[in-house]
J.: 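Pasting a structure here, questions to come.
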Amino acid sequence: GIQVEQSPPDLILQEGANSTLRCNFSDSVNNLQWFHQNPWGQLINLFYIPSGTKQNGRLSATTVATERYSLLYISSSQTTDSGVYFCAFDAGNNRKLIWGLGTSLAVNP
Amino acid sequence: DAGVTQSPTHLIKTRGQQVTLRCSPKSGHDTVSWYQQALGQGPQFIFQYYEEEERQRGNFPDRFSGHQFPNYSSELNVNALLLGDSALYLCASSLAVRSIQYFGAGTRLSVL
């Protein structure tokens, strides 16, 4: 099956810093999404980004499908950005989302 | 507009018992997917329901079963609970089987 790798696995930032999270996948994927899971377990959709670039406030994401990666940019990080960031996608005609292991982010005040 | 709601939020069971988790999809959504998330892991797909039928299933034993009702709400049933079934169970809803999925807050199940 398709393999997905997220990096870095863990990240500690000082409030105000910028960061880039990466998601690599081993084959063509569909419907790539980025999620944030807060410390209480709630998963929030950040971006639906099968290709191209999108921005939402301090967050932006870019997917280069032909090179099989997606990036999530966090600028001017805040303590509320802490949690785990996942990329997920469905592959081929499957209807299930395949998930990376996530990047665990801690933003310190 | 209510989002995806799950109940209960927390549950404690003992080995061998049975459990039923419930999910109401986001208004307007017709597809419900269930995921299991163990501590420190990404969610693992259990199954997906659309038009009251199981459309896709992940690598989970038959002890895991589900149902979707005419109002699109769904239940996840787990029989003969094992310690390893302790996890966060997440429900996601979408409009049609391959569109963006929106998640509930999850049910945290502890099996003692």
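All values reported here derive from a predicted model rather than from experimental measurement.
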J.: Does a side-chain heavy-atom distance below 4.5 Å link B:Gln37 with A:Phe86?
T.: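 Sidechains of A:Phe86 and B:Gln37: in contact.
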J.: Please determine, among B:Ala105, B:Gly40, B:Ala92, the option with the most heavy-atom pairs under 4.5 Å with chain A.
T.: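 Ranked by heavy-atom pairs under 4.5 Å with chain A, first place is B:Ala105.
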J.: How far apart are the closest heavy atoms of B:Phe45 and A:Leu97, and which atoms are they?
T.: CB-O, 4.3 Å
J.: Taking CG in B:Leu39 as the centre, count heavy atoms belonging to other residues, nucleotides or ligands within less than 6.0 Å. Is the count above 12?
T.: no
J.: Looking at every heavy atom in both A:Gln42 and B:Phe103, which two are closest together, and how far apart are they?
T.: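 Reported closest heavy-atom pair: NE2-O, 3.1 Å.
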J.: Please classify the contact of B:Ile46 with chain A as side chain, backbone, both or neither, using a heavy-atom distance under 4.5 Å.
T.: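 Contact with chain A involves no heavy atom of B:Ile46 at all.
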J.: So for B:Gln44, is it side chain, backbone, both, or neither that comes closer than 4.5 Å to the heavy atoms of chain A?
T.: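 No part of it gets close to chain A.
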J.: Looking only at heavy atoms, what is the nearest atom pair of A:Phe35 and B:Gln101, with distance?
T.: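 For A:Phe35 versus B:Gln101, the nearest heavy atoms are CE2-O, 3.9 Å.
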J.: Counting only heavy atoms from other residues, nucleotides and ligands, does the tally under 6.0 Å from OH of B:Tyr72 exceed 12?
T.: no
J.: How close do B:Pro43 and A:Leu43 get, heavy atom to heavy atom, and via which atoms?
T.: CG-CD1, 4.2 Å
J.: Within a 6.0 Å radius of atom CG on B:Asn71, are there more than 12 heavy atoms belonging to other residues, nucleotides or ligands?
T.: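 Enclosed: over 12 neighbouring heavy atoms sit under 6.0 Å from CG of B:Asn71.
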J.: Counting only non-hydrogen atoms closer than 4.5 Å, does A:Gln37 touch chain B with its backbone (N, CA, C, O), its side chain (CB onward), both, or neither?
T.: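 It is the side chain, since no backbone atom gets that close.
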J.: State whether the number of non-hydrogen atoms from other residues, nucleotides or ligands found under 6.0 Å of B:Leu82 atom CG is greater than 12.
T.: yes
